[in-house]
Amino acid sequence: MLFNLRILLNNAAFRNGHNFIVRNFRCGQSLQNKEQLKGRDLLTLKNFTGEEIKYILWLSADLKFRIKEKGEYLPLLQGKSLGMIFEKRSTRTRLSTETGFALLGGHPCFLTTQDIHLGVNESLMDTARVLSSMTDAVLARVYKQSDLDILAKEASIPIINGLSDLYHPIQILADYLTLQEHYGSLKGLTLSWIGDGNNILHSIMMSAAKFGMHIQAATPKGYEPDPNITKLAEQYAKENGTKLSLTNDPLEAAHGGNVLITDTWISMGQEEEKKKRLQAFQGYQITMKTAKVAASDWTFLHCLPRKPEEVDDEVFYSPQSLVFPEAENRKWTIMAVMVSLLTDYSPQLQKPKF
């Protein structure tokens, strides 16, 4: 069935998620070469090329347009099931994954620490093999990246990192889709990170250079990103001709930045460090003073939940804040991850400019 759609563009493609270029496409056929992701694990964006990450974002935009804008029903995951292991609670990760997988016709099964204790009552090896026999994929939100690595090694189905101590790849996919929609292209953007050297920053460092984006990151002394990840990020920057700057000065990191980004200063499992961390992060709150040294087209991202000491209300609720589209895009990007790892579906939209 041949469709002929004409979508009028505003100043930037994908702005507000509505403006897509669609020309004479045939259902079930890709307009560009399809990246082969079926059967893969998604443990870290380090393991994916720039083209593979772009493909997931392209698929995210495609699903968002076809389902949200056109109102199509796409049961691409009908008959498939997903095991969801959550050692850490979450609003956005659980809702986006459960509703997204179900919207595509699949059955998600949510498991908390009351249902499953990784490596406690049963070895990780045995758990991986049991889950492989009953589900088509597993999304695990865990404390230790090493647990994910073992699950992936022993399982015969895709394992997806829903968050670990080292990485949070599915959050970064949502961030990039949001920026793509807003700016029309990712290449050349400067990402200004102001906060903890945590899993979010690590995931940015493992992927931004592959899009031609620059990183300026400020962290307090003693809270810098992992040295091994930094070393690899420096290599990516060199290979892609981008800049990677690490500092302890928030204003230096914000200077000329297109995107101001922060995250919680106190992650789950770090509650006992609260007093120490609040003291160490003094001066790291993002305010309009921070924004004044950023680029004129600056925007703000935060993966949520947000605390006022991390960013004040003036910035958080400003027109430049993209936090709520960012949160919604968690759904479209995780849906794209599942579709790309579990099916042969190809995007129908023309591939966007990155």
Side-chain angles (χ1 to χ4, degrees), residues 88 90 92 163-168 171-172 174-176 178-179 189-208 213-227 229-230 233-234 237 243-324 326-327:
K88 289 186 172 185
S90 170
R92 280 147 293 276
L163 175 142
S164 73
D165 56 342
L166 279 184
Y167 300 111
H168 197 357
Q171 175 63 54
I172 302 310
D175 292 358
Y176 290 171
T178 305
L179 295 177
L189 292 178
T190 295
L191 309 181
S192 296
W193 175 268
I194 300 172
D196 193 11
N198 63 10
N199 49 11
I200 300 288
L201 177 57
H202 289 164
S203 290
I204 292 173
M205 293 170 71
M206 292 296 94
S207 56
M213 290 189 285
H214 311 288
I215 300 173
Q216 297 175 176
T219 58
K221 291 181 180 180
Y223 296 91
E224 292 87 358
D226 181 277
I229 292 174
T230 298
E234 290 171 343
K243 297 177 182 178
L244 172 63
S245 172
L246 303 180
T247 180
N248 301 122
D249 184 347
L251 291 181
E252 181 181 345
H255 191 268
N258 302 104
V259 190
L260 303 177
I261 317 172
T262 193
D263 185 23
T264 182
W265 295 346
I266 306 160
S267 298
M268 279 178 277
Q270 298 175 335
E271 289 81 4
E272 293 182 1
E273 303 176 33
K274 181 176 181 178
K275 185 176 180 180
K276 178 183 177 182
R277 282 178 166 268
L278 288 176
Q279 184 176 358
F281 283 83
Q282 286 297 312
Y284 275 74
Q285 183 190 46
I286 295 180
T287 66
M288 283 299 177
K289 180 181 177 182
T290 318
K292 283 182 180 179
V293 303
S296 59
D297 64 348
W298 69 272
T299 53
F300 174 75
L301 294 179
H302 191 303
C303 67
L304 306 180
R306 158 257 185 178
K307 301 292 190 300
E309 60 264 21
E310 299 152 4
V311 54
D312 68 7
D313 285 354
E314 190 176 7
V315 170
F316 187 78
Y317 293 110
S318 71
Q320 291 83 5
S321 176
L322 303 178
V323 295
F324 297 112
E326 176 188 13

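Bear in mind that the values here come from a model prediction, so they are computed numbers and not experimental data. The residues of the chain are indexed from 1 along the displayed sequence.
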Going through the checks in order, is the side-chain contact (heavy atoms from CB on, under 4.5 Å) test met by I172 and I200? CA-CA 7 Å; I172 302 310; I200 300 288; 3.8 Å; yes
Test log, rule side-chain contact (heavy atoms from CB on, under 4.5 Å), inputs I266 and E273: CA-CA 8 Å; I266 306 160; E273 303 176 33; 6.0 Å; no
Are K88 and L163 close enough, and set up right, to give a side-chain contact (heavy atoms from CB on, under 4.5 Å), and what steps lead you there? CA-CA 9 Å; K88 289 186 172 185; L163 175 142; 3.7 Å; yes
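Remark: L166 CG to M206 CE distance equals 10.5 Å, nearest 0.5 Å. Annotation: the span from I215 atom CD1 to L244 atom CG amounts to 5.5 Å, rounded to 0.5 Å. Atoms SG and CG, from C303 and D175 in turn, are 7.5 Å apart once rounded to the nearest 0.5 Å. With rounding to the nearest 0.5 angstrom, the CD1 atom of I229 is 8.0 Å from the OG atom of S203. Rounded to the nearest 0.5 Å, atoms CG (D263) and NZ (K307) are 10.0 Å apart. The distance from the CD atom of Q279 to the CZ atom of R277 is 13.0 Å, given to the nearest 0.5 Å.
No donor-acceptor pair under 3.5 Å is formed between the side chain of Q216 and the backbone N or O of L191. Panel note: side chain T230, backbone D226; a donor-acceptor pair is recorded below 3.5 Å. Of the possible polar contacts, one joining the D312 side chain to the V315 backbone as a donor-acceptor pair under 3.5 Å is found.
Taking the side chain as every heavy atom from C-beta outward, R306 and V323 never approach each other to under 4.5 Å. At least one side-chain heavy atom of L179 sits under 4.5 Å from a side-chain heavy atom of T299. P305 has its side chain out of reach of T264: every pair of non-hydrogen atoms, C-beta onward, lies at least 4.5 Å apart.
Side-chain N/O atoms of N199 and D165 include no donor and acceptor closer than 3.5 Å.
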Extract all donor-acceptor atom pairs below 3.5 Å that involve side chains of residues 255-262 and protein atoms in other chains or at least two apart in sequence.
unit_1 : atom_1 : unit_2 : atom_2 : d
N258   : OD1    : T190   : N      : 2.7
N258   : ND2    : D297   : OD1    : 3.1
T262   : OG1    : I194   : O      : 2.6

Kindly list each side-chain donor-acceptor pair under 3.5 angstrom involving residues 288-296, sequence neighbours excluded, with atom names and distances?
unit_1 : atom_1 : unit_2 : atom_2 : d
T290   : OG1    : T287   : N      : 3.1
T290   : OG1    : T287   : O      : 3.4

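Residue pairs that meet the ring-ring contact (aromatic ring centres under 6.0 Å, His included) test with at least one member in residues 281-304, sequence neighbours left out, are Y223-F281, W265-F281, F281-Y284.
Not counting sequence neighbours, the partners of Y176 by the ring pair (Phe, Tyr, Trp, His ring centres under 6.0 Å) test are F211. Taking the side-chain hydrogen bond (donor to acceptor under 3.5 Å, both in side chains) definition, one finds that E326 meets it with Q171, sequence neighbours left out. Not counting sequence neighbours, the partners of E252 by the side-chain hydrogen bond (donor to acceptor under 3.5 Å, both in side chains) test are T247.
The two atoms that bring P220 and G195 nearest to each other are CD-O, 3.6 Å, heavy atoms only. Here the shortest heavy-atom pairing between A218 and A253 reads CB-CB, 3.5 Å.
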